[in-house]
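Predicted model, so just to flag it, every value in this text is computed and none were measured.
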Amino acid sequence: MNVITKFNAVGLLTTAFLCSPHVLADEWQFMIEPYLMGTNIEGDFGSGRIEQAEIGVDFSDILENLEMAGMIHMEAVSPGNIGLSFDYGFMDLEGSKTFMTGQELVVGTRQAVMETQIFYRNQLQNASIDYIAGVRWWDNDVDVDVDLPNLEQRLSASIEEDWVDFIVGLRWYSHLSDNWTFELYGDIGGLDFASEFTSKVKVGVQYQMTELLTLDVKYVATWVDYKDGTAGEPGYFAYDTVTHGPVLGLVFTF
């Protein structure tokens with residue numbers, strides 16, 4: 001099943017969900033949250049004849065080579081406690097190195113992750129728990145350019161790999177006071193549908209400043225173990241990493 005077919009299946013399920021009586025009820029609650037993440041990436045990467053290469057990129061490296069980035073989270077919850085959520089984040093990085101021979105190496109990378117979820121919220125006394133099902137889409141692109149001034153040539157190579165994982169999870173909200181809320185989130189997926197394994201964990205607190213604005217502070221870690229093709233052969237791609245770091249967001253609720 002290719003990526004387009006997977007998204008078509010998800011689209012049909014989402015359409016059926018949106019047409020259900022629970023969703024058509026009035027007085028939805030909406031939230032939009034732009035956020036920043038102090039991103040660190042650790043793990044292993046493989047491509048073609050490179051079976052395994054270690055990845056170790058911390059937040060300072062990302063800031064030094066950052067070209068563009070964007071992160072946003074959105075949710076909508078119906079009066080029947082059925083909700084939809086959308087999360088998208090991407091980073092464009094570019095770094096270069098010039099050797100003593102005059103050769104210049106330029107490497108550009110792009111990592112994007114998009115999540116869409118459907119959940120049911122079970123309201124408890126001073127708490128709530130969300131039962132979640134959804135998909136996580138990974139999009140990784142790598143561009144390599146080598147400038148050979150002595151030969152008056154410029155060599156280029158590109159790697160483009162994307163895949164979709166189904167995920168299930170739980171989210172716990174505990175209302176500590178009138179203004180403070182504790183959040184604990186966990187999901188799991190992959191299981192050889194696309195990647196061998198993927199999972200996300202979030203833990204943090206929210207502080208409601210006004211009816212409209214809430215400050216969101218948490219730590220997030222996302223794992224993925226994906227392989228495509230045969231190691232050492234053309235077309236091989238492997239990505240076994242954890243992307244983690246602190247998150248600071250501002251939630252607009254209406």
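A side-chain donor-acceptor contact under 3.5 Å links Y239 and Q111. A side-chain donor from one of S85 and Q117 sits under 3.5 Å from a side-chain acceptor of the other. For the residue pair H73 and D87, a side-chain donor N or O sits within less than 3.5 Å of a side-chain acceptor on the partner.
Other residues, nucleotides and ligands place no more than 12 heavy atoms under 6.0 Å from the CG atom of D178. By the 6.0 Å contact criterion, CD on E211 is open, its count of non-hydrogen atoms from other residues, nucleotides or ligands being 12 or less.
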Could you pull out all donor-acceptor pairs under 3.5 Å where a side-chain atom in residues 244-254 meets a protein atom, sequence neighbours excluded?
| from | atom 1 | to | atom 2 | distance (Å) |
| --- | --- | --- | --- | --- |
| H244 | ND1 | Y219 | OH | 2.7 |
| H244 | NE2 | E42 | OE2 | 3.1 |

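Checked for salt-bridge contact, E75 and R171 meet the test: a charged N lies under 4.0 Å from a carboxylate O. Salt-bridge annotation for D165 and R136: absent, with no side-chain N of the basic residue lying under 4.0 Å from a carboxylate O of the acidic one. A salt bridge is absent between K200 and D187: the closest approach of a Lys/Arg side-chain nitrogen to an acidic carboxylate oxygen does not fall below 4.0 angstrom.
Note: Y226 and W138 fail the aromatic proximity criterion, with ring centroids not under 6.0 Å apart.
Ring orientation note: the planes of Y131 and Y120 are close to parallel, at an angle under 30° on the 30°/60° scale.
To the nearest 0.5 Å, atoms CG (L176) and OG1 (T181) are separated by 6.5 Å.
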